[in-house]
Amino acid sequence: MAVRYDLHGEVAVLTLDNPPVNGLGLATRRELSAGLERALADPAVVAIVVTGAGKVFSGGADIKEFGTDRAIAEPNLHSLIRQVELAGKPVVAAMHGTCMGGGLELSLACHYRVAAPGTKVALPEVKLGLLPGAGGTQRLPRVLDVETALNMIVSGEPVASELLASLPGQKLFEQIVDGELLAGAVAFAAAKGHEHAGGAPLPRVRDLKARHANPDAFFQFARNTVKAMARHFPAPAKCVDAVEAAVKRDIDAGLAYERELFMALMFTPESQALRHAFFAERAASKIPDVPEHTPLRRIAKVGVVGAGTMGGGISMNFLNAGLPVTILETTAEALERGVATIRRNYEAQVKKGKLKEDKYQQRMALLTTTLAYADLADCDLVIEAVYEDLGVKQQVFGALDEVVKPGAILASNTSTLDLNRIAGFTKRPADVVGLHFFSPANVMKLLEVVRGENTAKDVLATVMQLAKTIRKTAVVSGVCDGFIGNRMIEQYSRQAGFLLEEGCTPQQVDKAVEAFGFAMGPFRMGDLAGNDIGWAIRKRRYVEQPQMRYSQTADLLCEMGRYGQKTGAGWYDYAPGKREAIPSPVVEEMVAKHRAGLGITARTISDDEIVHRLVYALVNEGAKILEDGIASKASDIDMVYLTGYGFPLWRGGPMCYADSQGLFNVVQTMKAFARNPLDDAGFWEPAPLLERLAAEGRRFTA
């Protein structure tokens, strides 16, 4: 049963009971409609309260129904809202916890609204590339001032009930209920029921007016603002149009216009990509063979081996979550540098007003340092964050195996190395897992959880839950060279190098990719991460996989000592203390000389070719990763690239983007690239999975 019907004296209470967020799917709508009819038909009932079970009122519409017949099946949300609005007895929304989207739109159809303190109210549809489609853009500006309502709709961010109730002239809340919400709501509803028993008309939000003193100037300003802040997303500008209609049109015309805008946005590629990302993030936490209720290991204290850039950033994640951390280093000087960096990072947050001084002090008080492995003996989780060398890892894990207590989790932050070999350095391979943080580790959202062949299921379940605690998006990867993200980015980088040999400059490639929407092009990214990192990987490749061809330009760059921002010179030049990438004549001369040495005449290469050679290199390797079982689903690959590699959110990730282009078209484009005699022979041979899906007219993502 999705809606409970209870009588509290002469008040009928309809409780939405559809965990986890009391979503307004078809079954819930039908039962709520039936409950309303029952209450209205009962002469003993004078008023109705609608509330939510558990910790929330309602999270809104069930977005899994979007674009399906269930979304429009009667009673749809519009019909239900009209039924509430036309009820002949007072309907009171008793709101608590979270009231979002369709849940808020339903409450706005009620004649009265009361709320518990701390209730979070929002219309978050814009985050899915949509606008509120069940009257939110028309009714919210009628109960709040237009500017506040528009800010809420365009941002999608939640606002506390007390703040909204304190606004002058607001008609959203009749009352903030101190004490037990349901008891207060029932008493309020009973009083209103008697007040209206004589036939006094019930108040309806639709009968109010949305007013602004200077609407033309205000809405033009709002359009300019959202255009500057959200130029790749159509929904915010449409939100402005819809709220303007609330001010300038009658309610029915405004509702019709809102619905027209909603349906148009529903089928935009941006909304489809955002909805894909929404579901992908939730799906990433589900591991097919690890049951949802797997018992978790207790993590009360964390150890980190290495106080460098990664070790310090990793430590901050746990300090931020209130977990004690012990950092181990080999020298007192290295420890001092590491702790000083952590302090500087926190002090910068304090200076910017992002962190209060007392919170800063609390976090630093949780941090201890040591030069002795024995001091990690009581840690529940120890993360190794040392130099990316298998010999160094062997020393660390051998030492940890000797001192860390049984049942503790041993994790490696390796980005490319064989986790199974690392686990083999211990007598407890079941306790070993990869936790690949991305730099800067205290900022980047992605955490690649690398599952070794012996990693225990409860270890996986524990670190996936821990990722939520430290506010990371965790994606599980199997063991291979580079895991998901770096295995794919290597092919992307190889293509970037071939483009230089054929006629591009680093800045041309970067500008094309950044215009597509990447946060940073491949050459700027290399300068930021350190070009010597890729150089070390290539040196290993030359021994292990001599058949794999790379452009030699990257090696020549490193031989010149141009490692990137840390040396003040990489693919670009950098002024001291600045991060601005300045095109380098030295690099252009080096590339031109190398090109001439290969006997290649530079050609003009379009931005479209640049983008699709790089992106389809990701896609093809992603298909191989799926086929190899390294990733369990295509959406996991998309989450890695959306949260760790700056892939444009409005394109949904590389696999989602390939689907949007049509896999048949992707394969045909790759075959055209394969005819380029200067490209690596075999690079563009479609992965068997990609070729099969294209032939069958199917997609990577459901």
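Atoms considered below: every heavy atom in the structure, side chains included; atoms not considered: hydrogens, waters and symmetry mates.
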May I ask you to check whether H96 and F57 place their ring centres under 6.0 Å from each other?
-> no
Which residue, V92, V205, V121, forms the side chain to side chain contact (heavy atoms under 4.5 Å, CB included) with R113?
-> V205
In short, G102 meets L77 closest at the heavy-atom pair CA-CD2, 3.9 Å
Is it the case that more than 12 heavy atoms not belonging to F279 sit under 6.0 Å from its CZ atom?
-> yes
Could you tell me whether the side chain of V84 reaches within less than 4.5 Å of the side chain of I81, counting heavy atoms only?
-> no
Step through the shown structure and confirm whether more than 12 heavy atoms of other residues, nucleotides or ligands are within 6.0 Å of CG on D69.
-> no
Does R259 count as lying over the ring of Y257, i.e. NZ or CZ under 6.0 Å from the six-ring centre, within 45 degrees of the axis?
-> no
Enumerate, atom names and distances included, each donor-acceptor pair closer than 3.5 Å involving a side-chain atom of residues 125-141, sequence neighbours excluded.
from, atom 1, to, atom 2, distance (Å)
K127, NZ, E157, OE2, 2.7
T137, OG1, E258, OE2, 2.5
Q138, OE1, A246, N, 3.4
Q138, NE2, A242, O, 2.9
R139, NE, E85, OE2, 3.2
R139, NH2, E85, OE1, 3.2
R139, NH2, E85, OE2, 3.2

Side chain to side chain contact (heavy atoms under 4.5 Å, CB included) partners for R4, two or more places apart = D6, T15, D17, A53
Mark yes or no for whether Q170, through its side chain, and F173, through its backbone, hold a donor-acceptor pair below 3.5 Å.
-> yes
Does K472 come within less than 4.0 Å of E448, counting only side-chain N to carboxylate O?
-> no
Flag if over 12 foreign heavy atoms under 6.0 Å of CZ, R297 | yes
Will you find, in the side chains of N18 and T28, an N or O donor that is under 3.5 Å from an N or O acceptor?
-> yes
